Amino acid sequence: MRNLFDIQGRFALVVGASSGIGEEFALTLAEQGANVAIAARRVQRIEALKEKIEGFGVKCVAVPCDVTSEESIVNCVKTVVETFGRIDILCNNAGIDIFGDFLTYTTEDWDKSINTDIRGMFITSREVAKVMKEQNYGRIINTASIGGRFASAGNCAYYAAKGAVINFTRALCADLAPYNITANAIAPGVIDTELTHDSFELDFAKQSIARLPLKRVGKTSDLSGILLYFASDASSYCTGQYLIVDGGGTCLL
């Protein structure tokens with residue numbers, strides 16, 4: 001019986017793989033038989049993750065990468081191609097979240113957020129798409145957020161960047177479809193990660209979680225099935241889309 005979600009033997013690059021959703025994506029792809037290149041600034045983290053990935057019997061390379069540096073991204077992609085020979089799947093997951101009141105929000109914090117969350121995604125996608133074009137095959141999966149559709153006070157740069165991720169994904173669809181490259185985005189809601197875990201003890205967070213139809217915080221593994229759909233041939237006719245994974249929260253807005 002045909003397995004539409006089969007990615008065995010594929011070659012993936014996960015950017016922002018040192019923790020949280022990026023780490024989960026790298027492990028999920030490896031568990032399903034893909035060879036995985038993992039890239040992030042925190043080298044010790046990705047070196048430790050490399051051992052876990054190789055435990056699935058697949059190939060892995062850990063590549064230092066700072067997505068705020070074009071040179072670093074270009075060198076990262078070059079290293080992955082030299083090691084694997086191709087890149088079938090790209091997961092753009094690097095991102096930061098800098099809170100602050102709008103009237104005192106600094107230009108420096110704005111630039112840091114935009115450079116990490118969307119500029120780095122643009123450069124990485126461009127460089128990897130050059131490789132995918134030659135293969136006439138590719139799957140690009142961008143990590144967006146429900147913050148790309150809805151916003152609140154105190155986080156203007158993050159909401160601006162994640163909104164850009166969604167429309168950037170649409171633009172990638174139009175630009176890259178002639179080369180058999182699809183581009184889709186995953187938009188998580190409240191997900192328990194290293195960066196968000198402590199915030200769930202705050203009163204406003206508890207109230208927000210209680211209002212979710214599923215009444216719980218999401219786990220990074222709740223995103224794995226969506227990742228495999230977008231990474232595999234199951235989604236071969238799906239491109240330029242984003243899927244919200246938020247426990248039903250946005251259906252109440």
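What you see below is based on every heavy atom in this structure, not just the backbone, and it leaves out hydrogens, waters and symmetry mates. A quick note: this is a predicted structure, and the numbers were derived from the prediction, not measured. When a residue number appears, it is its place in the shown sequence, counting from 1.
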* To do: Using the side-chain contact (heavy atoms from CB on, under 4.5 Å) rule, take F150 and D246 through it: C-alpha gap first, then chi angles, then the decisive distance, then the call.
  => CA-CA 12 Å; F150 307 95; D246 69 343; over 6 Å; no

* To do: Check the side chains of S152 and Y159 for a donor-acceptor pair under 3.5 angstrom, ignoring hydrogens and angles.
  => yes

* Do you know which two heavy atoms are closest between N180 and N136, and how far apart they sit? -> ND2-O, 3.0 Å

* **Contact check, side chains of V36 and F25, non-hydrogen atoms, under 4.5 Å** => no

* **Heavy atoms of other groups near R41 CZ, more than 12 under 6.0 Å** => no

* Do you know which two heavy atoms are closest between P188 and I21, and how far apart they sit? -> CG-CD1, 4.1 Å

* To do: Supply the atom-to-atom distance R10 CZ to R139 CZ, rounded to the nearest 0.5 angstrom.
  => 7.5 Å

* Measure the shortest side-chain to side-chain distance between F56 and Q32 over non-hydrogen atoms and say whether it is less than 4.5 angstrom. => no

* To do: Hey, could you give me the CG/CD1 distance between N92 and I141, rounded to the nearest 0.5 Å?
  => 9.5 Å

* Supply the atom-to-atom distance N35 CG to Q8 CD, rounded to the nearest 0.5 angstrom. => 10.0 Å

* To do: Taking D111 for its side chain and E108 for its backbone only, find out whether a donor-acceptor pair lies under 3.5 Å.
  => no

* Asked: Any donor-acceptor pair under 3.5 Å linking the side chain of S235 with the backbone of C238?
  -> no

List the atom pairs, with distances to 0.1 Å, where a side-chain N or O of residues 75-84 and a protein N or O form a donor-acceptor pair under 3.5 Å, not counting sequence neighbours.
| from | atom 1 | to | atom 2 | distance (Å) |
| --- | --- | --- | --- | --- |
| N75 | ND2 | E71 | O | 3.2 |
| T79 | OG1 | N75 | O | 2.9 |
| T83 | OG1 | T79 | O | 2.8 |

* Criterion side-chain hydrogen bond (donor to acceptor under 3.5 Å, both in side chains) against T169, the qualifying member of N184, N142, T239 -> N142

* Side chains of R86 and Y137: is there a donor and an acceptor less than 3.5 Å apart? -> no

* Mark yes or no for whether N93, through its side chain, and G16, through its backbone, hold a donor-acceptor pair below 3.5 Å. => yes

* Determine, stepwise, if the pair R42 / S19 fulfils side-chain contact (heavy atoms from CB on, under 4.5 Å). => CA-CA 9 Å; R42 294 182 289 182; S19 64; 2.9 Å; yes

* Asked: Distance only, no hydrogens: is a donor on one side chain within 3.5 Å (strictly under) of an acceptor on the other, for R45 and S18?
  -> no

* To do: For a side-chain contact (heavy atoms from CB on, under 4.5 Å) with I38, tell me which candidate from V63, I53, V61 qualifies.
  => I53

* Asked: Which side-chain hydrogen bond (donor to acceptor under 3.5 Å, both in side chains) pairs, counting each pair once, include a residue from residues 112-124, with sequence neighbours left out?
  -> none

* Asked: Does I98 offer a backbone N or O that forms a donor-acceptor pair with the side chain of Y105 under 3.5 Å?
  -> yes

* Asked: In terms of heavy-atom contacts, does OH of Y179 have more than 12 from other residues, nucleotides or ligands at under 6.0 Å?
  -> no

* To do: Just do the side-chain contact (heavy atoms from CB on, under 4.5 Å) check on R216 and L212 with the steps written out, would you?
  => CA-CA 7 Å; R216 69 172 177 87; L212 292 174; over 6 Å; no

* To do: Please name the pair of heavy atoms, one in D175 and one in P178, separated by the smallest distance, quoted to 0.1 Å.
  => O-CD, 3.6 Å

* Got a salt bridge between K50 and E54, using NZ or NE/NH1/NH2 to carboxylate O under 4.0 Å? -> yes

* Quick one: pull up CG in N155 and CZ in F99 and give me the separation to the nearest 0.5 Å. => 4.5 Å

* To do: Write down the atom of L29, the atom of A12, and the distance for their closest heavy-atom approach.
  => CD1-CB, 3.8 Å

* Asked: Can you tell if the side chain of Y229 reaches within under 4.5 Å of the side chain of L243, non-hydrogen atoms only?
  -> no

* Asked: Just checking, any donor-acceptor pair under 3.5 angstrom between side chains of S224 and E24?
  -> yes

* Give, for atom CD1 of I46 and atom CD of E23, the distance between the pair rounded to the nearest 0.5 Å. => 11.5 Å

* Does K162 reach the main-chain N or O of T143 with its side chain, forming a donor-acceptor pair under 3.5 Å? -> yes

* Would you call D6 and D233 a side-chain contact if the rule is heavy atoms closer than 4.5 Å? -> no

* **Test side-chain contact (heavy atoms from CB on, under 4.5 Å) applied to V67 and S72, step by step** => CA-CA 7 Å; V67 297; S72 181; over 6 Å; no

* Structure fact -> In this structure, CG of D88 is separated from CG of L13 (nearest 0.5 Å) by 11.5 Å

